[in-house]
Amino acid sequence: DVYDGEWKNNKREGQGKKNYADGEYYEGEWKDNKREGKGKLEFGDGTVYEGEWKEGRNNKREGKGKMIKCPSGDVYDGEWKNNKREGQGKKNYADGEYYEGEWKDNKREGKGKLEFGDGTVYEGEWKEGRNNKREGKGKMIKCPSGDVYDGEW
C-alpha cells in the first residue's frame, strides 16, 4: 500500500490518497489512520463510492453518499449506515427500474416508489422481511394497459 498525504502523531490525518495493493484507491479525509469525513473510494472492479465515512464504523460508509456499481451500472444516491443503504435514497437500476424511498439494511423498507422499465409504477409500502416485496398499502398502475390496483398487498 502507498499513502501520500498529511500526517499527525505518526498517523494518517487530514487530506490524503492511498493506493491499496488489491487495486483499490481512496482519496479524501483521514483521522487517526482511518477514513473519516468526505472521500472517494474506487474499488478494484471499477465500482466507485463518493461520500461520507465514519472512523467509528471501521472505515465504513456512513452518512450521505453515491455509489456507482460495476459492472452492472446500478447507481445508488442516498443515506448509508454501517456500509449499507439505510434511510432515504434513490437507486437507478441498469435494467431501467428506478426506486426512490426508504431503505433498511440494504433493502427497500417503508414508503417508496418503484418505476419499472415498462413504465409500470408502484407507490406504497415495502417490507424487508418479505424479501424486498410490496407489503401493506400501495397503488400500482400497470403499463401499457393502464390497469390500477389501490389497496393492500
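For reference, positions follow the sequence shown, starting with 1. Computed from a predicted model, the values in this text were never measured in an experiment.
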How long is the straight-line distance from [atom2] of [Y] back to [atom1] of [X], given to the nearest 0.5 Å?
| X | Y | atom1 | atom2 | value |
| --- | --- | --- | --- | --- |
| Arg108 | Trp103 | CZ | CH2 | 6.0 Å |
| Lys11 | Lys31 | NZ | NZ | 11.5 Å |
| Glu62 | Glu36 | CD | CD | 10.0 Å |
| Lys60 | Lys34 | NZ | NZ | 11.0 Å |

Quick one: list whatever passes side chain to side chain donor-acceptor pair (under 3.5 Å) with Asn10, sequence neighbours left out.
-> none
Please answer whether the main-chain N or O of [Y] pairs with a side-chain N or O of [X] as donor and acceptor at a distance below 3.5 Å.
| X | Y | answer |
| --- | --- | --- |
| Asp95 | Glu97 | yes |
| Glu102 | Gln88 | no |
| Glu86 | Asp105 | yes |

Shortest non-hydrogen pair, Asn33 vs Arg12, comes out as OD1-N, 2.7 Å
Closest non-hydrogen contact found for Asp118 with Cys143 is O-CB, 3.4 Å
Any pair counted as side chain to side chain donor-acceptor pair (under 3.5 Å), so long as it reaches residues 64-77, sequence neighbours left out | none
Do [X] and [Y] touch side chain to side chain, with heavy atoms closer than 4.5 Å?
| X | Y | result |
| --- | --- | --- |
| Tyr122 | Arg134 | yes |
| Asp1 | Lys18 | yes |
| Met140 | Thr120 | yes |
| Glu42 | Lys40 | yes |

Side-chain donor-acceptor pair present, Glu27, Tyr25, cut-off under 3.5 Å = yes
Do Trp153 and Ile141 share a hydrophobic cluster, counting only Ile, Leu, Val, Met, Phe, Trp and Tyr and linking them when any side-chain heavy atoms are less than 4.5 Å apart?
-> no
Are Phe43 and Trp53 connected in a single hydrophobic cluster, I mean Ile/Leu/Val/Met/Phe/Trp/Tyr linked by side-chain heavy atoms less than 4.5 Å apart?
-> yes
